[in-house]
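These notes are about the structure you will find just below.
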Amino acid sequence: MADYDYLIVGSGLFGATFAYEAAKRGKRIKVIEKRSHIAGNIYTKEQDGIQVHQYGAHIFHTSDKDIWDYIQQFAEFNRYTNSPVANYKGELYNLPFNMNTFNKLWGVTTPAEAKAKIEEQKAAANISDKEPRNLEEQAISLIGTDIYTKLIKGYTEKQWGQKATDLPAFIIRRLPVRYTFDNNYFNDTYQGIPIGGYTQIVEKMLNNNLIDVETGVDFFDKKEEYLRDYPRIIFTGMIDQFFDYQLGELQYRSLRFETEEMDTDNYQGNAVINYTDAETPYTRVIEHKHFEFGKGDKGKTFVTKEYPATWKRGDEPYYPVNNKVNNDLYSQYRKLAESEPKVLFGGRLGMYRYYDMHQVIHAALTAVSNEFK
């Protein structure tokens with residue numbers, strides 16, 4: 001074995017950012033990745049001249065100028081603005097909820113009319129003055145019954161695999177309601193998609209003579225050996241799996257993707273369309289070429305259907321289920337992690353937290369700052 005300072009388990013954004021910064025400080029690093037490719041869930045692959053997001057839509061957005069400037073080192077970003085459309089049984093609505101949505105729903109044309117309609121529905125539901133007991137009551141108390149029924153209920157129940165009346169209210173702390181004709185989903189100052197895809201970002205981060213990368217390597221095949229041989233390990237996998245689930249399993253949600261090449265220039269006219277009814281088994285359909293404004297081979301497009309799935313051991317975990325039971329269990333695993341002083345746990349799975357990309361980079365840079373004080 002070469003004389004490495006760090007073993008980094010996982011080549012997603014957290015692991016790659018840490019590797020890049022550690023190498024800048026002269027550290028020698030080995031990165032191992034279970035998948036056959038680097039870049040984790042942000043991995044994009046060019047097909048027919050189109051950057052296909054292999055693990056669901058990824059739109060970079062942040063209001064943190066330092067993070068925006070940081071990511072620009074590795075790619076040039078376009079001006080893509082996330083403006084998803086909701087399809088409810090063939091009816092199309094703009095997201096997030098805004099004056100376009102309200103006009104389509106109710107025929108209202110002014111913010112005052114829209115506010116009055118929402119307040120009227122909240123009052124009719126007779127729960128606005130009570131403490132919401134579940135997600136359904138929380139959502140209706142915020143936006144009334146029409147929007148809840150058509151645009152939230154079915155989508156959310158598919159996403160979480162539970163009835164809205166069984167889901168905790170805290171999942172929807174607030175809902176973006178805009179009384180303007182603005183279809184920009186995010187409120188962040190900066191937003192875009194890297195021209196040429198996301199994979200290049202991680203490739204550039206790991207392109208250093210001090211960094212060696214191996215794909216198709218499972219940490220758990222040689223866990224004890226790695227713990228013995230490396231002075232410091234950055235682990236970005238599941239923290240409960242690291243400890244062999246000894247305190248019990250944390251809950252995750254999984255996803256399944258069906259991607260199809262089609263012989264057409266333009267299948268759906270938008271990058272992301274959410275299917276908000278309960279009957280359609282997938283939550284959204286992604287047409288990848290629209291992330292780069294139609295770039296790609298003529299007469300070709302790639303479309304992905306995204307299906308939520310219950311996670312079980314052996315499945316790919318995509319996001320944590322951060323309810324009280326799981327958060328309490330994660331706290332116990334965090335205490336257990338103190339018994340492994342040479343291991344730093346990071347990323348969505350290692351920290352059991354739903355992170356957007358800019359938050360992952362921020363968490364990695366914070367870890368770097370603490371590591372190299």
Side-chain angles (χ1 to χ4, degrees), residues 11-21 24 38-44 46 50-86 94-101 173-207 236 270-274 284 286-295 318-319 346-348 351 353-369:
S11 64
L13 264 182
F14 190 99
T17 301
F18 194 99
Y20 173 77
E21 292 295 330
K24 278 203 315 192
I38 60 169
N41 290 343
I42 68 168
Y43 176 66
T44 52
E46 185 169 318
I50 301 162
Q51 291 296 329
V52 178
H53 296 215
Q54 299 291 309
Y55 302 99
H58 284 80
I59 298 117
F60 199 93
H61 59 98
T62 184
S63 290
D64 186 330
K65 188 174 188 304
D66 290 340
I67 296 294
W68 183 244
D69 290 344
Y70 185 86
I71 198 73
Q72 303 276 324
Q73 300 174 82
F74 309 104
E76 181 184 353
F77 280 68
N78 67 18
R79 58 169 184 82
Y80 179 83
T81 299
N82 189 30
S83 303
V85 170
N94 291 110
L95 298 174
F97 316 129
N98 67 66
M99 286 302 298
N100 293 305
T101 324
R173 288 285 184 210
R174 59 187 178 276
L175 286 167
V177 177
R178 294 193 188 138
Y179 296 100
T180 58
F181 292 88
D182 181 5
N183 296 326
N184 178 3
Y185 195 80
F186 300 121
N187 287 315
D188 291 297
T189 310
Y190 310 105
Q191 181 176 182
I193 300 271
I195 298 167
Y198 282 96
T199 305
Q200 61 177 319
I201 292 171
V202 175
E203 284 174 345
K204 289 171 187 173
M205 285 179 167
L206 299 179
N207 184 21
T236 68
N270 205 50
V272 180
I273 296 186
N274 292 355
R284 56 184 180 172
I286 300 157
E287 187 171 12
H288 302 267
K289 73 189 316 177
H290 296 301
F291 289 129
E292 293 196 57
F293 308 109
K295 181 179 164 188
Y318 282 92
Y319 49 97
R348 227 184 227 203
M351 301 172 85
R353 198 169 300 169
Y354 186 92
Y355 274 138
D356 286 326
M357 289 178 283
H358 65 289
Q359 294 167 321
V360 173
I361 293 171
H362 185 272
L365 293 175
T366 300
V368 166
S369 176

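In this chain, residues are counted from 1 in sequence order. Remember, it's a predicted structure, so these values are computed and weren't measured experimentally.
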Taking every non-hydrogen atom, the tightest pair across S11 and V202: O-CG1, 3.6 Å

Side-chain (R178) to main-chain (N184) donor-acceptor, under 3.5 angstrom: yes

side-chain contact (heavy atoms from CB on, under 4.5 Å) assessment of I59 paired with H53: CA-CA 10 Å; I59 298 117; H53 296 215; over 6 Å; no

Ring geometry between F77 and Y198 (parallel below 30°, tilted from 30 to 60°, perpendicular above 60°): perpendicular

Exercise: identify the closest heavy-atom pair between M351 and G346: CG-CA, 3.7 Å

K65 side chain reached by T189 side chain, heavy atoms, under 4.5 Å: no

Check: K204 side chain, F74 main-chain N or O, donor-acceptor pair, under 3.5 Å: yes

Audit row: W68, F60, side-chain contact (heavy atoms from CB on, under 4.5 Å) steps and yes/no: CA-CA 9 Å; W68 183 244; F60 199 93; 3.8 Å; yes

N94 and T101: side chain donor to acceptor below 3.5 Å: no

D188 and T62: CA distance, side-chain angles, deciding distance, side-chain hydrogen bond (donor to acceptor under 3.5 Å, both in side chains) verdict: CA-CA 5 Å; D188 291 297; T62 184; 5.4 Å; no

Considering all heavy atoms, the nearest P96-N183 contact: CD-O, 3.8 Å

Cation-pi check, R348 onto Y354 ring (under 6.0 Å, within 45° of axis): yes

Over 12 non-hydrogen atoms of neighbours within 6.0 angstrom of OH in Y355: yes

Ring geometry between Y80 and F293 (parallel below 30°, tilted from 30 to 60°, perpendicular above 60°): tilted

Set of side-chain contact (heavy atoms from CB on, under 4.5 Å) partners for N270, sequence neighbours left out: V85, I273

Value rounded to 0.5 Å, distance of CD1 in I50 from NE2 in H288: 8.5 Å

Considering all heavy atoms, the nearest L13-M205 contact: CD2-CE, 4.3 Å

Minimum heavy-atom distance between L206 and A16, given as atom pair plus value: CD2-CA, 4.0 Å

No-hydrogen, no-angle side-chain donor-acceptor test under 3.5 Å, N100 and N98: yes

Any side-chain heavy-atom pair of T44 and F291 under 4.5 Å: no

Derivation and outcome, side-chain contact (heavy atoms from CB on, under 4.5 Å), residues H61 and H358: CA-CA 7 Å; H61 59 98; H358 65 289; 4.1 Å; yes

Contact check, side chains of Q73 and Y20, non-hydrogen atoms, under 4.5 Å: yes

For E76, side-chain contact (heavy atoms from CB on, under 4.5 Å) partners two or more places apart: I195

Partners passing side-chain contact (heavy atoms from CB on, under 4.5 Å) against A367 (at least two apart in sequence or in another chain): F14, F18, L344

Audit row: Y70, L365, side-chain contact (heavy atoms from CB on, under 4.5 Å) steps and yes/no: CA-CA 10 Å; Y70 185 86; L365 293 175; 3.8 Å; yes

